[in-house]
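See structure below.
The sequence lines fix the lettering, A, B, ..., with proteins before strands; numbering per chain opens at 1. Note: hydrogens, waters and symmetry copies are ignored here, and every other heavy atom, side chains too, is used.
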There are 2 protein chains.
Amino acid sequence: MTGAQRPTLEAVARRAGVSRATVSRVVNGSTTVAEPIQEAVRQAVAELGYVPNLAARTLVTQRTDSIALVMPEEATRVFSDDQVFPGIIRGAAQELEAADKQLVLMLAGSPAGHERVERYTTGRHVDGVLFASLHGADPLPAKLAALGIPVVCSGRPLDGADIPYVDVDQVAGVTRAVRHLIDGGRRRIATIAGPQDMVAGIERLTGYRETVTAAGLPEMVAVGDFTRESGAAAMRELLADHPDLDAVFAASDLMAHAAMRTLREAGRRVPDDVAVIGFDDIETAAYTDPPLTTVRQPIVELGRQGTRLLLRLAAGEDVEPALILPTELIIRESA
Amino acid sequence: MTGAQRPTLEAVARRAGVSRATVSRVVNGSTTVAEPIQEAVRQAVAELGYVPNLAARTLVTQRTDSIALVMPEEATRVFSDDQVFPGIIRGAAQELEAADKQLVLMLAGSPAGHERVERYTTGRHVDGVLFASLHGADPLPAKLAALGIPVVCSGRPLDGADIPYVDVDQVAGVTRAVRHLIDGGRRRIATIAGPQDMVAGIERLTGYRETVTAAGLPEMVAVGDFTRESGAAAMRELLADHPDLDAVFAASDLMAHAAMRTLREAGRRVPDDVAVIGFDDIETAAYTDPPLTTVRQPIVELGRQGTRLLLRLAAGEDVEPALILPTELIIRESA
DNA sequence: TTGTACGCGTTATCAT
DNA sequence: ATGATAACGCGTACAA
């Protein structure tokens with residue numbers, strides 16, 4: 001029982017004994033239609049099970065009622081148990097639901113994928129584009145903005161493009177974490193930094209550097225890419241280079257988790273010998289051994305606010321150039 | 001520098017000195033166009049930066065080139081560090097990318113959300129719908145199928161509807177896990193079951209029951225909802241009811257993780273006093289203390305295969321009624 | 001307040 | 001092989 005012709009505006013009009021235009025008005029909530037007629041139309045709509053054809057509507061209104069969420073897809077990272085990207089998806093979905101718009105999810109990992117995203121978004125097939133933290137200085141956001149397409153980034157764009165963005169106050173969060181270590185008497189504080197082609201990686205390292213330097217303490221840095229594997233490798237590197245370290249700030253909880261395990265394997269006790277602090281506050285953080293002290297970022301809220309900003313932009317409003325959300329230091333037992 | 005009119009087929013045609021129809025043919029890869037003309041058209045397309053208007057195309061072709069991925073959204077579950085849903089998203093995205101189609105993500109948690117999904121999908125705004133594991137006996141898949149809309153479920157539909165689905169062999173996976181416990185000499189094997197309104201929860205419990213019963217062992221069951229919190233509560237319940245248990249099979253890694261912690265807090269050693277096995281093999285499983293023995297399910301592959309099935313269905317092919325993927329017992333140190 | 005008529009950009013059906 | 005031309009379903013000036 002397939003292809004039963006979908007009813008069109010025309011069919012509803014016939015049924016209700018009015019013109020297409022009137023039906024269109026009722027469907028779109030115009031107030032200039034007499035009440036009894038509205039009622040008749042609504043009845044016909046219900047009887048026929050009429051649903052507007054979005055393609056036709058888009059063709060004339062030039063709106064698609066959908067926005068794209070673009071995420072970098074490193075095969076291994078985006079959907080490991082890192083909760084950052086899922087959190088952003090969820091926040092965006094919530095906000096779009098309220099606005100009755102669709103979420104088109106695009107992964108832009110491979111060059112082919114990136115090309116595809118570019119084709120799709122520049123083709124104006126969406127009303128706006130929300131970029132989740134990109135790698136390097138991707139020129140696409142600026143390109144879209146130049147085309148007049150609403151764009152918002154999650155995380156400050158690295159190429160300095162003048163694109164509205166939402167982010168958490170990375171430096172402040174890291175500063176609080178490192179201060180906490182210092183206040184706890186730690187003096188040889190290392191860091192496992194995030195990837196230096198992502199703004200979150202860069203800023204968290206900056207926060208570390210500024211804070212230890214201001215305290216007159218030495219810098220000890222190893223670089224990872226936010227994953228557990230990289231965290232373990234970085235921790236081994238730090239232990240080899242600085243066997244006397246007494247604390248580690250890791251730029252992600254996953255790296256912190258792996259670092260704790262590596263420390264234990266090396267015979268160091270956490271936090272007695274080495275204190276560890278992470279960043280993110282993923283759910284697992286409360287279940288590590290010992291439970292992880294970490295900097296919580298409101299990741300779902302980031303997705304929501306970014307989407308809200310985008311919707312306002314798409315509605316033609318002026319928006320603030322940046323929206324910075326606060327972080328919170330969650331003190332558990334690892335530091 | 002905004003709204004610069006997008007070039008249309010008409011503009012390209014003028015530029016290339018041919019008709020709209022010819023440009024359309026070239027753009028859509030028809031072979032019946034003379035080579036030199038093809039070249040001229042392609043040049044014009046490139047110069048003008050022409051991109052087809054999808055709405056116009058959809059209007060006439062009746063295809064949208066997008067499919068919907070519908071997920072239940074329990075505020076807490078879908079995007080916690082459970083990797084099931086992100087994994088399905090990723091698999092679907094990969095497969096759709098290859099097919100050059102878009103992924104429209106819809107969360108159907110609230111009644112309002114569910115209603116929205118229904119409106120959108122029945123409105124034929126997508127070429128097909130992939131449902132991620134649903135709660136209870138949702139009538140929507142069957143309703144869509146009755147409308148002739150291609151539908152595939154991830155996980156067997158609970159209402160017995162005749163919808164094609166993909167799933168892993170839950171019972172076989174659980175059986176292997178419980179057997180492993182029995183082979184290791186365990187005789188008082190409890191389970192922390194998943195929610196009994198989801199097919200994965202039901203089947204994993206079935207697998208447990210069948211296996212322990214076949215071995216002449218007693219059943220000890222507590223029910224959770226796949227989350228850590230519920231796992232901890234269930235473990236406490238089991239300890240209270242059956243203090244002499246010597247093994248636990250948990251229907252998710254998150255619950256297994258929490259169970260291990262609860263066991264330790266109760267003074268039981270894992271695996272010496274109580275062996276623990278989970279289900280999923282999320283990344284964290286390798287990093288728990290001790291590392292978790294678990295049943296791995298190929299979750300990304302599930303998303304891929306489901307999407308592939310859906311695409312074939314949308315292409316008018318006949319497809320097999322079900323596709324069952326194998327699981328694998330990953331033996332680590334908890335059992 | 002309601003209806004008429006046009007146009008949105010594309011593909012498909014015919015002729016040629 | 002190519003070009004007119006008619007849909008596709010809707011929103012909206014404009015007319016009544």
Side-chain angles (χ1 to χ4, degrees), chain A residues 3-42 44-45 48-66 100 119-120 122-127, chain B residues 3-42 44-45 48-66 100 119-120 122-127:
Chain A
Q5 270 318 37
R6 291 179 54 187
T8 71
L9 217 46
E10 179 69 39
V12 176
R14 268 199 306 274
R15 177 110 180 184
V18 297
S19 73
R20 276 212 309 274
T22 297
V23 178
S24 175
R25 290 189 185 102
V26 173
V27 169
N28 292 297
S30 165
T31 53
T32 70
V33 178
E35 185 49 51
I37 295 201
Q38 286 199 34
E39 193 44 49
V41 170
R42 265 192 278 274
V45 166
L48 269 46
Y50 168 77
V51 184
N53 181 316
L54 287 196
R57 177 180 281 171
T58 295
L59 195 53
V60 45
T61 61
Q62 309 276 39
R63 286 177 305 117
T64 65
D65 287 329
S66 65
D100 202 26
R119 262 195 358 253
Y120 194 74
T122 58
R124 284 215 160 60
H125 301 317
V126 287
D127 294 343
Chain B
Q5 271 318 39
R6 290 180 55 187
T8 72
L9 216 49
E10 178 69 41
V12 177
R14 268 201 306 274
R15 177 111 179 185
V18 297
S19 74
R20 274 210 309 271
T22 298
V23 177
S24 176
R25 286 194 260 267
V26 173
V27 169
N28 292 296
S30 165
T31 53
T32 69
V33 177
E35 185 50 51
I37 295 202
Q38 286 199 34
E39 192 44 50
V41 170
R42 265 194 277 275
V45 165
L48 268 46
Y50 168 76
V51 183
N53 181 317
L54 288 196
R57 176 178 285 171
T58 294
L59 193 55
V60 46
T61 60
Q62 309 274 44
R63 285 177 305 115
T64 64
D65 287 329
S66 65
D100 202 26
R119 263 195 359 252
Y120 194 75
T122 58
R124 284 217 159 62
H125 301 318
V126 288
D127 295 342

Inset, instruction - Could you list by number each residue of residues 13-23 of chain B showing a heavy-atom separation from DNA chain C of less than 4.0 Å, or answer none if no residue does? - result: B/R20, B/A21

Inset, instruction - Rounded to the nearest angstrom, tell me the gap between atom CZ in A/R63 and atom C1' in D/dT12. - result: 13 Å

Inset, instruction - State which residue, out of A/V27, A/N28, A/V26, A/T22, fulfils the side-chain contact (heavy atoms from CB on, under 4.5 Å) condition with A/S24. - result: A/N28

Legend entry - Shortest non-hydrogen separation from A/T8 to A/Y50 and the atoms involved: C-CE1, 3.7 Å

Inset, instruction - Provide, to the nearest angstrom, the distance between the CZ atom belonging to B/R124 and the C1' atom belonging to D/dC8. - result: 15 Å

Close N or O pairs between protein and nucleotides 14-16 of chain D (under 3.5 Å):
none

Legend entry - salt bridge (charged side-chain N to carboxylate O under 4.0 Å, His left out) pairs, two or more places apart, involving residues 16-30 of chain B: B/E10-B/R20

Inset, instruction - Identify the heavy atoms of B/A44 and B/A16 that sit nearest to each other, and give their distance. - result: CB-CB, 4.0 Å

Inset, instruction - Identify whether any heavy atom of B/L9 sits under 4.0 Å from a base atom; if not, whether one sits that close to sugar-phosphate; answer base, sugar-phosphate or nothing. - result: base

Inset, instruction - Go through the steps for B/R124 and A/V51 under the test side chain to side chain contact (heavy atoms under 4.5 Å, CB included), then give the verdict. - result: CA-CA 9 Å; B/R124 284 217 159 62; A/V51 184; over 6 Å; no

Inset, instruction - For DNA chain D, determine which residues of residues 52-60 of chain B have any heavy atom closer than 4.0 angstrom to one of its atoms, and list them numerically. - result: B/L59, B/V60

Legend entry - Interatomic distance where CD belongs to A/Q62 and P belongs to C/dG7 [whole Å]: 15 Å

Legend entry - All side-chain contact (heavy atoms from CB on, under 4.5 Å) counterparts of A/S66, not counting sequence neighbours: A/T64, A/Q102, A/V104, A/V126

Inset, instruction - To the nearest Å, give me how far apart CD (A/E10) and C1' (C/dG3) are. - result: 12 Å

Legend entry - Pairwise distance NE2(A/H125) to CZ(B/R57) - rounded to 0.5 angstrom: 8.0 Å

Inset, instruction - Compute the bend angle of the helix from C/dT1-D/dA16 to C/dT16-D/dA1 from the end axes (five pairs per end), rounded to 10°. - result: 40°

Legend entry - Test item: B/L59 and A/N53 side chains (from C-beta on) under 4.5 Å apart, heavy atoms: yes

Inset, instruction - Nearest whole angstrom, please: distance from the C1' of C/dT2 to the CD of A/Q38. - result: 13 Å

Inset, instruction - Select from B/S24 and A/I37 the residue whose nearest nucleotide in DNA chain C is closer to the 5' end of that strand. - result: A/I37

Legend entry - Heavy-atom closest pair, residues A/Y120 and B/L54: CE1-CD1, 3.8 Å

Inset, instruction - Answer whether the closest heavy-atom distance between the side chains of B/V23 and B/V18 falls below 4.5 Å. - result: yes

Inset, instruction - Could you check A/N28 against B/T32 and say which one's nearest nucleotide on DNA chain D is further toward the 5' end? - result: B/T32

Inset, instruction - Indicate the atoms forming the closest heavy-atom contact of B/R119 with A/D100, along with that distance. - result: NH2-OD1, 3.2 Å

